[in-house]
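Values reported hereafter were calculated over all heavy atoms of this structure, with side chains retained and with hydrogens, waters and symmetry mates removed. Residue numbers begin at 1 in each chain, while the letters A, B, ... track the order of the sequences.
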Amino acid sequence: MNQQRVAALIAAYGSDSARWPEAERAAALHLCESVSALAALRREQASLDQLLDAQQVSTQCRVADVLGKLVAHTCRTSTPTMSLWDRLGLWLMPDALPGLWRPALAAALPFVVGLSIGVSNPEDMGDWSAPEQYVFAPYVVDIGEADFGSVEEGMFTDG
Amino acid sequence: MTADENQWVLAVAEGDRQAFAMLVELHLHPIEAFATRMLADSAEAQDVAQEVMLRLWQRAAEFDPRRARLSTWLHQIAHNLCIDRLRKVRRLSSWDETQNTRLEDAHQTTQLAAHHASSGDAAPMASSLADEQSVLISRALSQLPERQRSALLLTYYQALTNREVADIMGISVRALESLLVRARTALKQALEEKI
């Protein structure tokens, strides 16, 4: 700590030593007591401090206002306007957790699509043998190409 | 108090409104006073103070007591909001000196009238002088450059350490001291001409 530093402290923080940095306060005060130039510097800054101290501002905010604003804000963010789909979901599953109806609906979607395609495109299934033939036709052809002949031969020879 | 405050902030992070109300009770007025001096506009300052408290409610979980005191954190939010508003005002209006002075005079008249009404004119001359002086100081403060004003107001009025103020402003302690010296010199010069 030296005189220059104490002068800098007074110029920056003012005359009141309580406003000086705590770590430097004791040493700075000690120097002020022994150096008259520093004491004069403090007196000079004291006039500005008095003016600053006299400048009071009135505060008008009330805690209740802030709490009211908070309630308004919470209402605005936690209960957004419900979309038509949300209303529908709530109507379909009133006891479901919020948002649960969406994954449930997504899981049921393939079933619903399949069902609707089946219902809207009915196929005439009067003769059940025809589809069966189509299904097994390649298998039969494959077998025929492989070793069906020997069986046929056997069959004919037996007859 | 700080340990209690940290507990309250934790409670606020979990949605405890009672803890929030206690913190608002403690910090609302110092923050509003800072914003009033910073913006020289009490309505704007009230908005800022309320916004700071709303941020406390929304972002309590982000507060880290190992990094700063709650007061420092709230002042940092308030300081940033004030700077945003000052810059917005500067952008939106040409903010010429005549208009500025006219607004301040209107504000001064309102303040004086309100004070006289509340004091019942017991000692109108003395209080009038004090009020006039207060308005002159307020005007001199508002004419300081933004950073000098921030430095002076945070250090002088807000019971923050120089390290805390430097952190709020994002500068070194030495840079803060330099700003303070310039602010006090400019303020002294401005007030000597008028008082």
Quiz item: Please walk me through it: do B/Asn162 and A/Trp20 pass side-chain contact (heavy atoms from CB on, under 4.5 Å)?
Solution: CA-CA 9 Å; B/Asn162 57 352; A/Trp20 300 349; over 6 Å; no
Quiz prompt | Interatomic distance, A/Leu52 atom CG to B/Lys188 atom NZ [nearest 0.5 angstrom] | solution = 11.5 Å
Quiz item: Just by distance, with hydrogens left out, do B/Tyr156 and A/Asp16 show a side-chain donor and acceptor under 3.5 Å apart?
Solution: no
Quiz prompt | Partner residues of B/His75 under the ring pair (Phe, Tyr, Trp, His ring centres under 6.0 Å) criterion, sequence neighbours left out | solution = B/Phe34
Exercise. Say whether B/Met22 and B/Leu10 are linked into one hydrophobic cluster, either directly or through other cluster members, by side-chain heavy-atom distances under 4.5 angstrom.
Key: no
Practice problem: Starting at CD1 of B/Ile31, measure out to OG1 of A/Thr59 and round the result to the nearest 0.5 Å. | Solution: 12.0 Å
Self-check item: Engaged part of B/Thr161 at the chain A interface, taking heavy atoms whose separation is under 4.5 Å
Solution: neither
Quiz prompt | Electrostatic pair B/Glu177:A/Arg5 at N-O distance under 4.0 angstrom | solution = yes
Self-check item: Interatomic distance, B/Leu152 atom CG to A/Tyr13 atom OH [nearest 0.5 angstrom]
Solution: 11.5 Å
Quiz item: So, for A/Ala54 and B/Ser134, which heavy atoms are closest and what is the spacing to 0.1 Å?
Solution: O-OG, 4.3 Å
Quiz prompt | Proximal component of A/Gln45, with respect to chain B [non-hydrogen, under 4.5 Å] | solution = both
Quiz item: Would A/Leu41 and A/Met1 show up in the same hydrophobic cluster when neighbours are defined by side-chain heavy atoms closer than 4.5 Å?
Solution: yes
Exercise. May I ask you to name which of A/Ile10, A/Asp53, A/Leu9 has the most heavy-atom pairs under 4.5 Å with chain B?
Key: A/Asp53
Quiz item: What option among A/Gln56, A/Gln55, A/Gln60 has the most heavy-atom pairs under 4.5 Å with chain B?
Solution: A/Gln55
Practice problem: Pick whichever of A/Ala64, A/Gly14, A/Ala8, A/Ser47 has the most heavy-atom pairs under 4.5 Å with chain B. | Solution: A/Gly14
Quiz item: Would A/Val63 and B/Leu26 show up in the same hydrophobic cluster when neighbours are defined by side-chain heavy atoms closer than 4.5 Å?
Solution: yes
Quiz item: Which pair of non-hydrogen atoms, one from A/Cys61 and one from B/His29, has the smallest distance, and what is that distance?
Solution: O-NE2, 2.8 Å
Practice problem: Please answer: with hydrophobic residues joined when any side-chain heavy atoms are less than 4.5 Å apart, are B/Ile168 and B/Val173 in the same cluster? | Solution: yes
Quiz item: If two hydrophobic side chains count as joined below 4.5 Å and joins carry through other members, does A/Val57 share a cluster with B/Val48?
Solution: no
Quiz prompt | Top contributor to chain A interface from B/Met53, B/Gln50, B/Arg184 [non-hydrogen pairs under 4.5 Å] | solution = B/Arg184
Exercise. Measure the CZ-CD distance between A/Arg62 and B/Gln46 for me, rounded to the nearest 0.5 Å.
Key: 9.5 Å
Quiz item: By a 4.5 Å heavy-atom criterion (distance strictly below it), what part of B/Leu179 contacts chain A: side chain, backbone, both, or neither?
Solution: neither
Practice problem: Sort out for me which of A/Asp49, A/Asp65, A/Leu67 touches chain B most, counting heavy-atom pairs under 4.5 Å. | Solution: A/Asp49
Practice problem: Heavy atoms only: give me the nearest A/Ala12-B/Leu180 pair and the separation to one decimal. | Solution: O-CB, 3.4 Å
